[in-house]
Amino acid sequence: RAPAPPAMHALVALQHADGTWALTSELAAAIGCDLQRLERELDGATGSREDVRKAWATALALAWLRAHARDAEEEWRLLAAKARRWLDDVEAVPPGRGAWVDAAAEFLGTR
């Protein structure tokens with residue numbers, strides 16, 4: 001089995017107890033993106049600003065893990081399930097009205 005990418009551990013460490021990630025410069029660095037670019041992608045999202053930002057960050061983390069740490073899925077499967085449960089319940093909706101995880105995968109080019 002291939003070793004987990006170092007960024008995976010940084011990303012996993014940023015997850016909050018409720019299963020979410022926050023849209024921060026640390027998250028952006030872990031997934032190799034510019035925070036301002038990530039924030040611009042939220043134009044047109046609906047819901048509370050806090051929920052929109054958490055949903056986007058959480059979806060980005062999940063999409064990144066699926067694309068870049070698939071070989072280490074045993075290490076992050078449970079935390080991903082908790083994150084998906086949170087995303088399923090959040091009332092915030094991404095621009096384009098689709099699913100957060102689909103929007104994140106498309107943004108990261110991992111779809």
Side-chain angles (χ1 to χ4, degrees):
R1 188 172 99 176
M8 182 197 93
H9 297 291
L11 189 60
V12 166
L14 294 172
Q15 188 183 33
H16 296 168
D18 66 357
T20 64
W21 276 264
L23 192 58
T24 63
S25 56
E26 291 84 7
L27 174 101
I31 65 171
C33 291
D34 176 71
L35 179 59
Q36 291 175 332
R37 183 168 172 235
L38 294 176
E39 290 172 333
R40 281 194 301 271
E41 292 296 314
L42 293 174
D43 289 345
T46 59
S48 76
R49 184 175 193 277
E50 180 184 359
D51 280 352
V52 164
R53 291 177 64 84
K54 285 184 358 181
W56 182 227
T58 300
L60 287 164
L62 291 175
W64 189 94
L65 287 168
R66 194 171 304 123
H68 299 283
R70 187 174 293 283
D71 288 346
E73 187 172 353
E74 283 182 24
E75 295 180 44
W76 54 263
R77 182 181 314 131
L78 292 176
L79 66 86
K82 188 173 190 177
R84 279 192 292 275
R85 282 192 301 275
W86 186 89
L87 281 173
D88 287 345
D89 292 339
V90 73
E91 294 189 14
V93 179
R97 320 251 347 129
W100 284 106
V101 175
D102 292 341
E106 188 172 311
F107 174 81
L108 293 175
T110 60
R111 198 168 187 183

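Across all their heavy atoms, A83 and G19 have their closest contact at CB-O, 3.2 Å. The minimum heavy-atom distance between D43 and P95, with the atom names listed, is O-CG, 3.3 Å. Summarising the geometry of A28 relative to L35, their closest heavy-atom pair is CB-N, 3.7 Å, with the distance given to 0.1 Å. For V90 against A55, the heavy-atom pair with the smallest separation is CG1-CB, 4.3 Å. The two residues A103 and P94 have their closest heavy-atom pair at CB-CB, 4.5 Å. Residue A7 comes nearest to A30 through the heavy atom pair CB-O, 3.5 Å, listed as atom of the first residue, atom of the second, then distance.
L42 and L60 end up in the same hydrophobic cluster when Ile, Leu, Val, Met, Phe, Trp and Tyr side chains are linked at under 4.5 Å. V101 and V93 fall into different hydrophobic clusters, where Ile, Leu, Val, Met, Phe, Trp and Tyr residues are linked whenever their side-chain heavy atoms come under 4.5 Å apart, directly or through other members.
In this structure, the separation between CH2 on W64 and CH2 on W21 is 11.0 Å, given to the nearest 0.5 Å. Here the straight-line distance linking atom CG of L23 with atom CD of E50 works out to 12.0 Å at 0.5 Å rounding. With rounding to the nearest 0.5 Å, the separation of CD in Q36 from OG in S25 is 11.0 Å. The OG1 atom of T20 sits 6.0 Å away from atom CH2 of W86, with the distance rounded to the nearest 0.5 Å. Taken from CD in Q15 to NZ in K82, the straight-line distance is 7.0 Å, to the nearest 0.5 Å. Note that CH2 of W76 is 13.0 Å distant from NE2 of H9, once rounded to the nearest 0.5 Å.
Checking T24 against E26 by side-chain atom types alone, a donor-acceptor pair falls below 3.5 Å.
Within the 4.5 Å cutoff, no side-chain heavy atoms of T58 are placed close to those of W100. Side-chain contact between M8 and E75 is present, with heavy atoms from C-beta onward closer than 4.5 Å.
Residues that satisfy the side-chain contact (heavy atoms from CB on, under 4.5 Å) test with R84, not counting sequence neighbours, are L62, R66, A80, A81.
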